[in-house]
Each structure stands twice: as C-alpha cells, then as structure tokens.
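Below is one structure, written out as structure tokens; the observations come after it.
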Amino acid sequence: MNDQLTIAGRTFRSRLMVGTGKYETFAQMRDALDASGAEVVTVAVRRVNLDQREESLLSFIDLDRYFLLPNTAGCQTAEEAVRTARLARAAGLSNWVKLEVIPADGTLLPDPIATIEAAQILVAEGFVVLPYTTDDHTVAKRLLDAGCATIMPFGSAIGTGMGLTSPERLRRIMDVVGSRVPVVVDAGIGAPSDAALAMELGADAVLVNTALAKAERPVAMAKAMGLAVEAGRIAYNAGRMGKSAVASPSSPVAGLLTK
C-alpha cells in the first residue's frame, strides 16, 4: 500500500519514530532500532559526543539508514532550546529539530508558551521544527501558525507508559491541524496497543522510547511496536464499523430457509 508519511517534503515509509535513551547498552539500542523498522531516530543533542574521535551514541546509529532528528531534551527555557538547536546544526547533525522545552517542575510536561516562542525563532532561522507539546488544540494551532512541520502532542506524561489518557483531546488536535501538517503522538505510549489506538484515531505517526528501552525484551517490543503502528494505520484507512448500543446478528436473519 502506497501510504507514506511526508514531513516538510521528505517521505518516510515507516510511521514509527523511535528515541535512543534509557537502553542498557548502545548495542541493545542498535538492535531495537533495527527490529522496529523505524526510519526516524531522535537523539538528545546534550547526550551526543560531538567529538567524532571518541565512541558515542552516534557510533551505533547507521546514518545511511536512519534519518537523525536531534532533540532539545533537557532545555528548560526557549533560549536554551534555540541555542541547542543551533549547536546541533552547526555540528552538522541536521537543520531539523524535535523541539522540547520542559521546565524543572517535576512534571515533565512541556511549557507551551516557551515552546511557541522557540518555534517562532527557529522557523525564522530556517529550521524544520517538530514541537513536543501538550494535548491542547489551541496550542497546536499556535504552533501551526508559527510554521512548525508537525504537531507532537503527548498521549500522557513522558515515561509513564499510561497510554492515551485523553483520546478525545488528541482527536480534536487532529481535526484542527491534521489536514495541514502531520500529527505525531509523542510520549506516554507503553504498549503496542497504545500505538495502534493512536494510529486508529488518525495520528500520522507515533514516537516511542521508554516503552522499548524499559521492556523486558526491548528488541522484541520494538518489533511489536512497528507491527502495531502498521496495523493501526491500515485499520484507520479501512474505516472501522460504527458503534451501536443495540446488538446485531453477524449472520442476517432475512432470507433464512425455514421448514
């Protein structure tokens, strides 16, 4: 099925994006990436050793195979995020950036005002900005107006594995911005069923990290997650049956032979 994901004019076959944090070893991370079938791999700029003379996270990512998406994890202000994105571009990583601005309040929830501010600056400087944001459709619209290439609302808080706690809010974001830019559900996915549900709701992609890295068998979970995303997308395109409060027989009763 020719149903590819397109972001800022770039096309991807897989609708699963994966992170690179929390794995026990870089080798385990590499094997999970391979099993997932993902093409977009996000890395925290502040975790990357930009000195290529030493082994680092990047040594285990085949840059001929994967599209590297630097992120601004660890940045607490718009100024920090902008500076980190500029550093990544200057180091030759990418002019794409997964924008994260998360204040040090213990919630790990994004700061929508600072995120919008940073997005406006980075878009004006020629970055392709993919912002991590809340599940508020008004904020999503502001980020769209700022020129962001995607909207990336959370399913639930980072690292919780709680899945989609407010599916109706995510659907509202898809209704508001989904016809103009891809919506990528980012954070909170804990199991393949969560990823499938996000895709069935109409998400264009999902980004998963902790659910893979902290699974008992990360490589197996990565494969399962890739299959779930594919199944969810096919199901969305197929169009599910409507729900009914009244039972209906699977086999029509009209025309049955009677004695």
Side-chain angles (χ1 to χ4, degrees), residues 14-26 28-38 40-44 47 57 69 71-74 98-112 115 130-136 139-140 150-174 182-233 235-236:
S14 174
R15 292 175 179 268
L16 173 63
M17 303 179 182
V18 292
T20 51
K22 300 184 178 181
Y23 288 94
E24 292 184 359
T25 66
F26 287 152
Q28 184 186 72
M29 175 204 73
R30 177 197 60 210
D31 294 344
L33 298 187
D34 179 60
S36 73
V40 178
V41 176
T42 182
V43 298
R47 292 184 60 234
L57 172 69
L69 177 61
N71 70 57
T72 61
K98 179 178 178 255
L99 176 61
E100 300 181 26
V101 185
I102 301 175
D105 59 6
T107 66
L108 292 182
L109 298 177
D111 180 334
T115 301
L130 291 72
Y132 169 60
T133 184
T134 65
D135 58 359
D136 186 304
V139 175
T150 67
I151 304 298
M152 302 180 74
F154 57 66
S156 52
I158 292 175
T160 63
M162 293 295 292
L164 311 186
T165 53
S166 298
E168 71 285 352
R169 293 175 67 90
L170 293 175
R171 193 190 297 274
R172 179 60 177 159
I173 289 176
M174 296 167 197
V183 175
V184 182
V185 175
D186 175 16
I189 288 176
S193 55
D194 300 329
L197 176 58
M199 300 304 296
E200 289 172 22
L201 286 174
D204 295 280
V206 299
L207 194 155
V208 185
N209 187 174
T210 307
L212 307 186
K214 292 305 179 182
E216 291 183 15
R217 297 172 56 201
V219 176
M221 184 60 76
K223 182 175 182 179
M225 202 68 74
L227 292 171
V229 168
E230 183 178 357
R233 180 64 181 182
Y236 173 75

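Because the structure is predicted, anything quoted here is derived from the model rather than measured. Along the sequence shown, residues are numbered consecutively beginning with 1.
- The environment of CD in E24 is sparse: at most 12 heavy-atom neighbours from other residues, nucleotides or ligands sit within 6.0 Å.
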Checklist entry - Passes side-chain contact (heavy atoms from CB on, under 4.5 Å), I158 versus Y132? Steps please. => result CA-CA 11 Å; I158 292 175; Y132 169 60; 3.3 Å; yes
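- Of all the heavy atoms in S156 and T165, the pair that sits closest is CB-CG2, 3.8 Å.
- Between the side chain of S14 and the backbone N or O of L16 there is at least one donor-acceptor pair closer than 3.5 Å.
- Contact record, P103 with P110: CD-C, 4.4 Å, taken as the closest heavy-atom pair.
- With hydrogens and angles ignored, the 3.5 Å screen pairs no side-chain donor or acceptor of D111 with any backbone N or O of V101.
- With hydrogens and angles disregarded, no donor-acceptor distance shorter than 3.5 Å links the side chain of T42 to the backbone of G19.
- Counting heavy atoms from C-beta on, the side chains of P182 and I151 never come closer than 4.5 Å.
- Contact between K98 and L69 at its shortest, heavy atoms only, is N-CD1, 3.7 Å.
- Atom CZ of R171 sits in a sparse spot, with 12 or fewer heavy atoms from other residues, nucleotides or ligands closer than 6.0 Å.
- Looking only at distances, no side-chain donor or acceptor of D31 sits under 3.5 Å from a matching main-chain atom of Q28.
- When all heavy atoms of R15 and D204 are compared, the pair lying nearest together is NH1-O, 2.8 Å.
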